[in-house]
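Take a look at the structure below.
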Amino acid sequence: MRVLVVNAGSRTLKLSVVQDDRVIESLTLDSWLGDSTAIRTFAGATGTVDAVGHRVVHGGTRFTDAVVLDDTVLMELHALTNLAPLHQPRALAAIDAAQRAVPTVDHVACFDTAFHATMPAAASTYALPAEWREHWPLRRFGFHGLSHAYSGRRSAELAGLAVGSVRTVSCHLGAGASLCAIEAGRSVDTTMGFTPLEGLVMATRAGSIDPGLVLWLQEQGGLSLDDVRDGLEQRSGLAGLCGTDDMRAVLGRRASADADAVLAFDVYTHALRRALGAMVASLYSVDIFVFTGGVGEHAPEVRAAAGVPIDEVANRTTTADGEITASGADVRTFVVTAREDVEIARQVRALLDRR
């Protein structure tokens with residue numbers, strides 16, 4: 001089955017054709033305004049496709065597996081926009097454009113949140129008033145599920161182990177970043193929560209902070225809701241610590257002993273080590289660490305500072321699927337190229353084969 005994968009980010013549109021877990025063609029549009037022309041042109045140039053798979057960030061509590069898109073599903077996805085106001089409208093615009101560009105095949109939504117639906121209540125439940133939890137879907141949803149699902153499976157393959165037999169901590173480190181504790185191929189804990197703001201220090205997001213700090217900024221600092229939202233989502237993280245959201249720039253300035261960059265790196269990696277420890281504790285023990293995402297794949301300095309046993313030479317030279325385990329280490333460590341498109345195509349095939 002040839003699957004056209006449509007992945008709409010906050011700015012970019014990524015298109016690929018995947019057949020049998022192999023990417024045949026791919027294209028990234030750095031600026032996409034919602035028209036169907038680019039999708040139609042790409043699909044036409046790559047030949048016939050049998051289905052289209054879409055990355056949708058949020059499935060809420062309703063969608064815990066891939067689903068064929070119809071009018072009812074689309075209406076429910078629109079209703080979830082308030083849970084992901086940045087990403088959901090872009091995904092819906094891409095779905096509309098792709099349905100116009102490729103109207104004769106099934107279109108399937110695959111969700112970043114769905115992988116984490118297997119988390120036990122102890123990991124997904126916030127200790128909030130019962131009436132709040134009964135009235136609103138206040139739970140840890142988790143994100144980056146498509147990436148974590150793929151990296152967990154791929155790292156097990158590289159280790160020569162069945163995914164059902166291993167406990168893995170997946171580290172998706174990019175502009176957004178999260179960790180996931182995976183047992184037998186199922187998510188049991190993750191660092192992102194109700195929104196993608198919780199967890200690790202990221203490019204522009206603060207990560208986990210004291211909620212009382214937010215209240216203080218509004219009550220005593222006089223900041224508006226929009227001020228706080230913009231600060232936490234767009235002006236925090238690496239950008240807030242040293243003025244750039246690009247880890248490559250941080251590493252370059254750190255090498256020159258720039259004090260702000262040194263602090264940004266130290267804060268980032270401290271949060272990473274602390275969260276890694278939490279994920280290991282959730283699993284009780286771990287067999288595999290895997291790094292993926294732009295930073296996870298291409299920043300050996302970050303991997304070296306993560307506190308896991310790795311080989312220095314292998315770490316410096318590995319940027320794609322490969323092992324960087326230290327000699328004699330009990331836990332194996334891998335770098336895996338992020339392939340959300342391959343995971344989406346796999347879910348599309350699995351869903352349509354069951355029909």
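Numbers here simply count residues along the sequence, with the first being 1. Model, not experiment: these values are computed from the prediction.
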Hey, what do you get for [atom1] ([X]) to [atom2] ([Y]), rounding to the nearest 0.5 Å?
X: L238; Y: D260; atom1: CG; atom2: CG; answer: 12.0 Å
X: R205; Y: L197; atom1: CZ; atom2: CG; answer: 6.5 Å
X: C171; Y: H144; atom1: SG; atom2: NE2; answer: 12.5 Å
X: L138; Y: S124; atom1: CG; atom2: OG; answer: 12.0 Å

[Y] and [X] side chains, donor-acceptor separation under 3.5 Å:
X: H172; Y: T292; answer: no
X: S285; Y: R167; answer: yes
X: T190; Y: S178; answer: no

Practice problem: Measure from NZ or CZ of R254 to the centre of the six-membered ring of F265 and say whether it is under 6.0 Å with the direction within 45° of the ring axis. | Solution: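 Yes, a cation-pi geometry.
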Quiz prompt | Positive for side-chain contact (heavy atoms from CB on, under 4.5 Å) with Y268, one of V250, L200, L173 | solution =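 Of the listed residues V250, L200, L173, the side-chain contact (heavy atoms from CB on, under 4.5 Å) partner of Y268 is L173.
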Self-check item: Electrostatic pair R355-D106, nearest N-O below 4.0 angstrom
Solution: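 Looking at D106 together with R355, the answer is yes, because their closest N to O distance falls below 4.0 Å.
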Practice problem: Could you go through the salt bridge (Lys or Arg N to Asp or Glu O under 4.0 Å) check for R346 and D21 one step at a time? | Solution: CA-CA 7 Å; R346 186 192 69 83; D21 288 347; over 6 Å; no
Quiz item: Are R332 and D287 close enough, and set up right, to give a salt bridge (Lys or Arg N to Asp or Glu O under 4.0 Å), and what steps lead you there?
Solution: CA-CA 6 Å; R332 299 176 70 178; D287 304 301; over 6 Å; no
Self-check item: salt bridge (Lys or Arg N to Asp or Glu O under 4.0 Å) evaluation trace for E183 with R186
Solution: CA-CA 5 Å; E183 184 172 17; R186 295 162 62 88; over 6 Å; no
Self-check item: Set of salt bridge (Lys or Arg N to Asp or Glu O under 4.0 Å) partners for R22, sequence neighbours left out
Solution: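 Checked R22 against salt bridge (Lys or Arg N to Asp or Glu O under 4.0 Å); zero matches.
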Quiz item: Do R274 and H270 touch side chain to side chain, with heavy atoms closer than 4.5 Å?
Solution: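 R274 vs H270: side chains touch.
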Quiz prompt | Minimum-distance pair of heavy atoms, taken over all atoms of A314 and I324 | solution =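 Reported closest heavy-atom pair: O-CG2, 3.6 Å.
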Quiz item: What are the two closest non-hydrogen atoms of S155 and T168, and how far apart are they?
Solution: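 In terms of heavy atoms, the two residues are closest at OG-CG2, 4.1 Å.
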Quiz item: Partners of A97 by side-chain contact (heavy atoms from CB on, under 4.5 Å), sequence neighbours excluded?
Solution: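 side-chain contact (heavy atoms from CB on, under 4.5 Å) check on A97 returns W32, S36, I39, R100.
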Exercise. Could you state whether L29 and V17 fall into the same hydrophobic cluster, counting links through intermediate Ile, Leu, Val, Met, Phe, Trp or Tyr residues with side-chain heavy atoms under 4.5 angstrom apart?
Key: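 Same cluster: L29 reaches V17 through Ile, Leu, Val, Met, Phe, Trp or Tyr contacts under 4.5 Å.
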Quiz item: Are H58 and F141 close enough that their ring centers fall under 6.0 Å?
Solution: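 Judged by ring-centre distance (under 6.0 Å), H58 and F141 do meet the cut-off.
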